[in-house]
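Worksheet: the structure to be examined is printed underneath.
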Protein chains: 2
Amino acid sequence: MVADLSQDRPRLGRSSTAERVADVLRGRISEGYFQPGQRLSEESISEALEVSRNTLREAFRLLGHEGLLDHRLNRGVFVRLPSAEDVADLYQVRRVLEGAAVRRAPAEPALALLKQAVLDAEQAAARDDWQGVGTANIRFHQALVSFNQSPRIDEAMRQLLAELRLVFHVMENPRAFHEPFVDRNRTLLGLIESGESEQAAAYLDDYLDHAERLLIHAYDPDR
Amino acid sequence: MVADLSQDRPRLGRSSTAERVADVLRGRISEGYFQPGQRLSEESISEALEVSRNTLREAFRLLGHEGLLDHRLNRGVFVRLPSAEDVADLYQVRRVLEGAAVRRAPAEPALALLKQAVLDAEQAAARDDWQGVGTANIRFHQALVSFNQSPRIDEAMRQLLAELRLVFHVMENPRAFHEPFVDRNRTLLGLIESGESEQAAAYLDDYLDHAERLLIHAYDPDR
DNA sequence: TCTTGTCGAATTGTTCAACGATCCTTACGT
DNA sequence: ACGTAAGGATCGTTGAACAATTCGACAAGA
């Protein structure tokens, strides 16, 4: 009875002002309020949020290490604008993390998350809610990676997906990008459930190649 | 002619005071001058290094995100003391990253690094230089992971190994821990060179299981 | 017209002193 | 043994200040 309680320990750690500021900025960036490439002024933001410049700078450091901000000395912080090389690398990491995940026998709760993400995506698609499809898709892959049963890998994936969201913001047509993956996720789920891990791995590789090509193309139509 | 020059652009980025302070602290931690669990006082360190508390705190943030420091609100920063669960997770990550690496056909320069690391380890062992063996061993695994050809994975591995170094500091007998891996690395290299990737993967898994058990045992002899 | 030198405004980098908030220890009382 | 109160030490945050750096504008020269 007391054992369960220990799960709530993380919540106890109240957060510092800097962390709360970072939360606000992280949200604004991921929703696109601050756009990739945009410079974030220390003075105006510290004024708007009513925190000191020093505190704001601590928040900037936090987000910088999450890959969301780019800190250029004496020039300020900018919302990260991933390059085509960054996109390629992000997908290379996904191939490793998701590839390893798909070859493992999934734990039951993780599998449930995977199913739920597929359902959510299908329902959002039926509503023409492509933002919702994107969110569900992200949850799908987060759940997939959790098969590895490693908190550090889960955290790395969270950061990776946050960085990828920056990339999605440069896509002008979210539907064309997200729509094909609704069915793909359903198919991949089926292969995983039936234990055909090698086929699932092959399908996943094709899946990632396709997505990467689409994004790279958006960056540089000539490639 | 001017095009080549742009490659040197990264070098131009001078480092801020906070980054240089972080470099100093990182070195001290990895060499064991600051020991795991020890608290780092803002006042005494900022005084000794002649930087302001604010700047020092920025350096603390940097190292905190690298997993070397543990920041507890209103209590200060402590050199991270990984738990047994942390060790298990670190090895879980290694299984994924190194497992994926060993299944790939290595690029030539990366293979050369691998060979060199094996030679260095053998020479250091002949000199009874177990610290040197540990360093060479780390380079071996860093090179192995580079087969994945991903800068982000390389960086993640760097941080992981830095965290593992903290764990090594609690080992009282470095020879007993490092010695067996000299031959193991040689064997693994052979399997990789001859392209027997599945056998190499199996050997690596056993390799990692063994190392993990040894470390966990050092933490809690009852397990 | 193109390049180069120079100036000044704007912004960041860093420091400092101050005060409130929190934690830890010790002592005290029940 | 337990709860509580007081005190010192340390961290969290602020606001101001000054140095360093960047950037754009504009004038001088080829």
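Below, chain A is the first sequence line, B the second, and so on; all start at residue 1.
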**Q.** Interatomic distance, B:L73 CG vs D:dC11 C1' [rounded to whole Å]
**A.** 8 Å
Q) OP1 or OP2 of D:dC23 sitting under 4.0 Å from any side-chain N/O of A:R75? A) yes
Q) Thinking salt bridges, do B:R158 and B:E66 make one under a 4.0 Å N-O criterion? A) no
Q: Grab the CG-C1' distance between B:N74 and D:dC11 for me, whole Å please.
A: 6 Å
Q.
Please give me the minimum heavy-atom distance between A:R80 and A:L166, naming the atom from each residue.
A. O-CD1, 3.5 Å
Q) Which of residues 42-58 of chain A sit near DNA chain D, with a heavy atom under 4.0 Å from it? A) A:E50, A:V51, A:S52, A:R53, A:N54, A:T55
Q.
Please tell me whether A:F78 and A:H71 form a close aromatic pair, meaning their ring centres lie under 6.0 Å apart.
A. no
Q | Nearest-nucleotide 5' precedence on DNA chain D, B:R39 against B:R61 | A | B:R39
Q) Which whole-number value in Å describes the distance from A:H71 NE2 to C:dT11 P? A) 15 Å
Q. Quick one: do the B:Y207 and B:N185 side chains pair a donor with an acceptor below 3.5 Å?
A. yes
Q) Rounding to a whole Å, what distance do you find between B:R72:CZ and D:dT10:P? A) 16 Å
Q. So with a 6.0 Å cut-off around CD of B:E155, is the heavy-atom count from everything else above 12?
A. yes
Q. Is A:D23 salt-bridged to A:R26, cutoff N-O under 4.0 Å?
A. yes
